[in-house]
Amino acid sequence: MFLLASCLGVNNYSNSAAYKGKVILNTLNSKQLSFSILLTSNKNSTIIQIQRPFYGNFLQIKYDNSTKLMKYISKDGSYEIDAEIPRNIGNILNNCLLKDNYVDEVLESNQSFNIECFKSNDRTNFNIKYKNSFFEGFLIKNG
């Protein structure tokens with residue numbers, strides 16, 4: 001799923017919004033995993049960086065709004081994909097972060113992507129179901 005980040009740091013872009021938080025991954029085939037998450041978004045791109053304590057950067061995901069391509073960067077290398085996530089992921093992220101409540105289901109390539117977001121004080125809480133994985137967590141705006 002689109003919420004997993006790399007050895008590279010998140011660049012500091014002008015006119016960008018930055019968020020930090022936690023995400024917990026539950027799958028049918030493995031135990032529960034917890035990650036720290038950093039998200040930076042501006043009009044050109046969205047960068048999601050996932051980290052594990054004592055491991056460091058686990059995966060970085062860069063989404064380019066103009067080309068609609070997503071690039072995964074990890075310690076094992078990097079690659080681009082254009083079919084594994086909803087094509088309007090930028091809009092989904094913006095709606096999740098900016099609205100008080102947001103629910104969406106996207107069907108693409110016979111896969112269902114469900115997201116529910118809601119605000120609680122200064123936190124954006126989210127629940128995502130994609131394929132056989134379930135993600136839950138929160139994001140807090142930096143600054």
Side-chain angles (χ1 to χ4, degrees), residues 1-106 108 111-143:
M1 172 38 222
F2 77 93
L3 287 179
L4 298 174
S6 149
C7 303
L8 301 175
V10 176
N11 295 334
N12 187 12
Y13 295 100
S14 60
N15 298 323
S16 65
Y19 298 83
K20 63 182 176 180
K22 297 279 184 197
V23 63
I24 297 172
L25 166 64
N26 295 293
T27 65
L28 296 176
N29 302 329
S30 69
K31 63 180 181 175
Q32 189 177 68
L33 299 171
S34 177
F35 299 92
S36 296
I37 185 170
L38 299 171
L39 184 144
T40 303
S41 182
N42 63 32
K43 69 177 186 171
N44 299 318
S45 65
T46 300
I47 298 172
I48 302 168
Q49 184 172 334
I50 311 278
Q51 303 171 328
R52 296 250 2 222
F54 307 110
Y55 183 84
N57 294 337
F58 181 72
L59 177 71
Q60 182 171 311
I61 302 166
K62 291 184 177 183
Y63 179 74
D64 185 312
N65 292 332
S66 62
T67 63
K68 308 292 187 216
L69 287 177
M70 186 168 279
K71 186 173 189 175
Y72 285 79
I73 304 167
S74 72
K75 290 183 179 181
D76 297 328
S78 67
Y79 55 96
E80 289 184 356
I81 65 164
D82 62 354
E84 281 294 310
I85 52 101
R87 300 212 184 274
N88 63 340
I89 195 68
N91 290 336
I92 291 170
L93 286 173
N94 283 333
N95 283 323
C96 183
L97 294 170
L98 299 176
K99 292 184 176 183
D100 286 339
N101 293 295
Y102 178 72
V103 176
D104 198 1
E105 179 177 13
V106 178
E108 206 168 278
Q111 295 294 326
S112 177
F113 173 84
N114 299 322
I115 185 167
E116 176 184 352
C117 303
F118 57 95
K119 295 266 196 267
S120 175
N121 298 322
D122 61 345
R123 291 169 45 139
T124 298
N125 300 290
F126 60 87
N127 298 306
I128 298 170
K129 184 176 183 225
Y130 182 69
K131 294 186 178 181
N132 291 324
S133 298
F134 181 74
F135 304 84
E136 59 184 320
F138 68 90
L139 290 166
I140 300 172
K141 189 169 185 175
N142 282 343

Using side-chain heavy atoms (C-beta onward) and a distance below 4.5 Å, is [X] in contact with [Y]?
X      : Y      : result
Asp64  : Lys71  : no
Tyr130 : Ile115 : no
Ile92  : Asp104 : yes
Phe126 : Val23  : yes
Lys129 : Ser112 : no

* To do: Could you tell me which residues satisfy side-chain contact (heavy atoms from CB on, under 4.5 Å) with Ile24, sequence neighbours excluded, listed by chain and number?
  => Asn26, Gln32, Ser34, Glu136
Starting at [atom1] of [X], measure out to [atom2] of [Y] and round the result to the nearest 0.5 Å.
X      : Y      : atom1 : atom2 : result
Leu39  : Asn142 : CG    : CG    : 10.0 Å
Ile61  : Ser45  : CD1   : OG    : 13.0 Å
Asn95  : Asn101 : CG    : CG    : 12.0 Å
Ser41  : Leu98  : OG    : CG    : 8.5 Å
Cys117 : Phe138 : SG    : CZ    : 14.0 Å
Ile50  : Leu33  : CD1   : CG    : 11.5 Å

* Asked: Under the side-chain contact (heavy atoms from CB on, under 4.5 Å) criterion, do Tyr19 and Ile37 qualify, and how do the steps go?
  -> CA-CA 8 Å; Tyr19 298 83; Ile37 185 170; over 6 Å; no
* Which residue, Thr46, Asn44, Asn42, Ile47, forms the side-chain contact (heavy atoms from CB on, under 4.5 Å) with Ser16? -> Asn42
* Structure fact -> Between Ser36 and the options Lys22, Lys20, Gln49, the side chain to side chain donor-acceptor pair (under 3.5 Å) test singles out Lys22
* To do: Determine yes or no for a side-chain-to-main-chain donor-acceptor pair under 3.5 angstrom, with Asn121 supplying the side chain and Arg123 the backbone.
  =>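 Answer holds: no.
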* Closest contact, heavy atoms only, Leu139 versus Gly21 ->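 Looks like CD2-N, 4.1 Å.
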* Asked: Between Leu25 and Ser133, which heavy-atom pair has the shortest distance, and what is it?
  -> CD1-CB, 3.9 Å
